[in-house]
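Here's the structure, in structure tokens; my notes come after.
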Amino acid sequence: MAYVIGDSCIACGSCIGECPNEAISEGDIYSIDPDLCTECGACADQCPQEAISLP
């Protein structure tokens, strides 16, 4: 089950560089490709808004 980015995302970019699989895409609210996410949690650890979690 892949991590998801919630509505509290402020698109700060803290998470995007942390993903070893380049599963995160930029946008008004960033998104995670569930086919690429390996559930490592690196993105969630970096998110200052705590917007990234497992569903």
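Since we're looking at a predicted model, the values are computed, not measured.
The distance from the CD1 atom of Ile24 to the CD1 atom of Ile16 is 6.5 Å, given to the nearest 0.5 Å. One distance of note links CD1 of Ile5 with SG of Cys43; it measures 6.5 Å at 0.5 Å rounding.
The nearest pair of heavy atoms linking Ile52 to Ala44 is O-CB, 3.7 Å. In terms of heavy-atom proximity, Ala11 sits nearest to Gly27 at CB-O, 3.6 Å.
Residues Ile10 and Ile32 do not share a hydrophobic cluster, defined by chaining ILVMFWY side chains whose heavy atoms lie under 4.5 Å apart.
Residue pairs that meet the side chain to side chain donor-acceptor pair (under 3.5 Å) test with at least one member in residues 23-49, sequence neighbours left out, are Asn21-Thr38. Sequence neighbours left out, not one pair with a member in residues 7-17 passes side chain to side chain donor-acceptor pair (under 3.5 Å).
Hydrophobic clustering, defined by side-chain heavy atoms of Ile, Leu, Val, Met, Phe, Trp and Tyr closer than 4.5 Å, leaves Leu36 isolated from every other such residue.
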